[in-house]
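Please read the structure below before turning to the comments.
Values in this document were obtained by computation on a predicted structure and should not be read as measured data. First the proteins, then the strands, lettered A, B, ... as listed; each starts at 1.
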2 protein chains.
Amino acid sequence: MNVHSTEISSTQTDPGSKRELIIQATIRLISEYGFHGTPISMIAQEAGVGAGTIYRYFKDKDTLVLEIFKQVHCVFKKTLLHEYDANQTIRDRFLHLCRGIFQYGVQNPYEFKFIEQFYNSPYGTSLRREKFFCNCGDTGQDLPLEQVFAAGQAQQVIKDLPLAALIALTIGPIVFLVKDSIAGLIQLDQTTINSTLAACWEAIQQETDTNRQPGSTPSSPSTEEKP
Amino acid sequence: MNVHSTEISSTQTDPGSKRELIIQATIRLISEYGFHGTPISMIAQEAGVGAGTIYRYFKDKDTLVLEIFKQVHCVFKKTLLHEYDANQTIRDRFLHLCRGIFQYGVQNPYEFKFIEQFYNSPYGTSLRREKFFCNCGDTGQDLPLEQVFAAGQAQQVIKDLPLAALIALTIGPIVFLVKDSIAGLIQLDQTTINSTLAACWEAIQQETDTNRQPGSTPSSPSTEEKP
DNA sequence: TTCTGTGGAGTGAACGTTCATTCCGCCTGT
DNA sequence: ACAGGCGGAATGAACGTTCACTCCACAGAA
C-alpha cells in the first residue's frame, strides 16, 4: 500500500516510468546545481511530469534525494565489486578497484557528481562521521579498498600511513581527474587513466630498501617547521 | 560615494567592523551549508547585524559571495607565495607550495571549504573553464604549481603526465585530507603531512635509471622556465 | 556649556517572488 | 461508468531585497 517505499525494490528500474524519469532528472540537476539549487519545479520540468506527481512516489524532497543516493551508491559499489577477485595480489586488487571508480565516473558522470555532492553536504559528512554503510544487500562490512590497504600494510607492500591518508592519496586524484573530465577540461583516455593509477600506486607502495639510495630521506623533507 | 565598492580595499580588514562581521559570518555559513543553503537572514543573525545592513556593504547576495571569494582567494595565493623562492629545486618548490596548502587549510578551515564550495559551484567551474585568475595585484600569470610542473617536466624530474593529472595527484590528496581534518576524522600532525607530501612527490617524480644526483641541474633552474 | 539641526550607519517590518507541498478536476484504461 | 494516475493551479512558508525609520556623533548657534 505504501507508495513511498523506503526499500529499494531491485527491479524497479523500468526506464520510461515516471518514477525513473524523476530519479534521472533529479540526479542530473542536483549533480550540477546541488540540493538547494534545484527546486522541485525544475525537477518536474526536466522529468516532464507535473510537480504533484513527484509526491506520488516520494514523501518529500529529502526522502527523494536520500533514496536516490542509497540506490546510486549501491549500484556504484556493486560495479566496483564486479569481477573482483579477493585472491589477486594487493596491487591488482588496488588497480581493479581504482580503475572501477574511474570507469564508473566516466560512464556515469551525473551519478558520480551526485554522490560527490551528497558526500560533501552536511548530511553526507555526518553520515561519513558515523561510518555509514549502504545496506543494499551486502554485509555492511568495510569498503574493499580499506581491506586492501590493511592487507597491504600487513604484507609490508603498502606504506604505513594513516588509512585516511592512503584513501586521500588514491581517491583524491581519481575524483579530481574525473571531475575535470566531466567539466570537459581533460580527455580521459585509457592511457592517462593507467599512468595516473600507476602513479597512485607508487605513492602508496612500500619501497623495498634494495634500490633505495641514502641520498634523501623523503619522510622528513626540509623540516624547519614548528614542533 | 559608492559604498558597494568592487575594489578590495587593502586595509578594510578592520575586525569588529560590520563589514568584516558580515564577511566572516558568510564564510563560516557558506563553507558549511553552501550558497543556496544559507539565507541572508541566517548570515545577518550569525553576524549580529540587521538584514538590511548587509545591503549597505554589498549590492546583492551574489556580489557578497563573489567579493569574498576574490578576497579569500587572493589571501590564499599570497600565503602560498610567502617565502617562496623560485630558485629552489623543483622538489623543494613543490613541497613549499603543497605544504602551504596544507597549512592554510588547517589554519583557515572555513576559508578553505569556502574556496572549495565556490570552485565546485556552477560559477566556479565556468570560471575554471575560462582559466580564471585572481586579479588582486599580481600579474595574473599561471599558478606557481603549474610552473613547477612545467619546469620539472623540462628537467625530466617530473613525469610526463598531462598537467591536469599532475595537479590531481597533488591537490587531490591534499584537499581530501584537509577536508577529513576539518570534519574531525583525522588529526593532521606535521608527521602525517610530511609523509603524505613525500608520497605525493613519489607519485609525480620521474624515476631515473641512474641514481639521481642532487647536483645535476637543480641549482640554476631559471634557464629552463617557460620560453 | 547647552541646545538643535544634519547626515549617515543601522535596523527590521514589509514587499513581491519563489519555494515545497497539497489538492482537485481531468483524462485514460478498463 | 468508474477508479486512479496525473498535471498544474492553489497555498502558506521562506526567501532576497527594499525602505521608512531610529539612533548617534558631531558641528554650529546661542
Side-chain angles (χ1 to χ4, degrees), chain A residues 1-6 9 12-30 32-69 114 117-118 121-123, chain B residues 1-6 9 11-30 32-69 117-118 121-123:
Chain A
M1 246 347 215
N2 184 15
V3 193
H4 309 128
S5 71
T6 312
S9 51
Q12 204 165 15
T13 322
D14 168 32
S17 74
K18 298 280 176 187
R19 191 187 143 94
E20 204 55 31
L21 286 173
I22 293 165
I23 289 178
Q24 291 308 317
T26 306
I27 292 174
R28 245 174 296 150
L29 293 172
I30 287 197
E32 182 157 7
Y33 304 112
F35 179 82
H36 293 290
T38 69
I40 287 284
S41 58
M42 202 191 271
I43 296 175
Q45 189 176 18
E46 174 93 356
V49 303
T53 308
I54 294 174
Y55 290 87
R56 203 152 276 294
Y57 295 99
F58 302 96
K59 182 173 151 285
D60 52 23
K61 199 184 172 188
D62 278 278
T63 308
L64 165 70
V65 173
L66 192 61
E67 240 170 86
I68 293 179
F69 171 75
F114 181 88
Q117 287 266 10
F118 192 90
S121 72
Y123 196 11
Chain B
M1 237 4 204
N2 185 15
V3 192
H4 308 132
S5 72
T6 312
S9 49
T11 49
Q12 206 163 11
T13 322
D14 168 30
S17 75
K18 297 282 176 187
R19 186 181 207 269
E20 204 55 31
L21 287 174
I22 293 165
I23 289 178
Q24 291 308 317
T26 306
I27 292 174
R28 247 174 294 149
L29 293 173
I30 288 197
E32 181 155 7
Y33 304 111
F35 179 83
H36 294 290
T38 69
I40 288 283
S41 56
M42 201 190 272
I43 296 174
Q45 190 176 16
E46 175 93 356
V49 303
T53 308
I54 294 173
Y55 291 87
R56 211 153 258 298
Y57 295 98
F58 303 97
K59 185 173 149 284
D60 52 23
K61 199 183 170 187
D62 278 278
T63 308
L64 165 69
V65 172
L66 192 63
E67 238 170 86
I68 293 179
F69 172 75
Q117 287 266 10
F118 192 89
S121 72
Y123 197 10

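For B:I54 and C:dA9, the CD1 to P distance is 16 Å, given to the nearest whole Å. We find that NE2 of B:H36 is positioned 10 Å from P of C:dC19, with the value rounded to whole Å. Distance, A:I40 CD1 to C:dT22 P: 11 Å, rounded to whole Å. Between A:L21 atom CG and D:dC6 atom P the separation is 10 Å, expressed in whole Å. Note: CE (A:M42) to P (C:dA20) measures 9 Å, nearest angstrom.
The side chain of A:Y55 contributes no N or O atom lying less than 4.0 Å from OP1 or OP2 of C:dC23. Phosphate proximity of D:dT17 to B:K59: absent, as no side-chain N or O sits under 4.0 Å from OP1 or OP2.
Side chain B:R56 to base C:dG10: a donor-acceptor pair is found below 3.5 Å.
Ring-plane geometry between A:F69 and A:F118 is classed as parallel, the angle between the planes falling under 30 degrees on a 0 to 90 degree scale with a further cut at 60.
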Test log, rule side chain to side chain contact (heavy atoms under 4.5 Å, CB included), inputs A:I30 and A:I68: CA-CA 11 Å; A:I30 287 197; A:I68 293 179; over 6 Å; no

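Residue B:Y57 places its side chain closer to C:dG10 than to any other of D:dT17, C:dG10, D:dC15.
The closest side-chain heavy-atom distance from B:F35 to B:D62 is below 4.5 Å.
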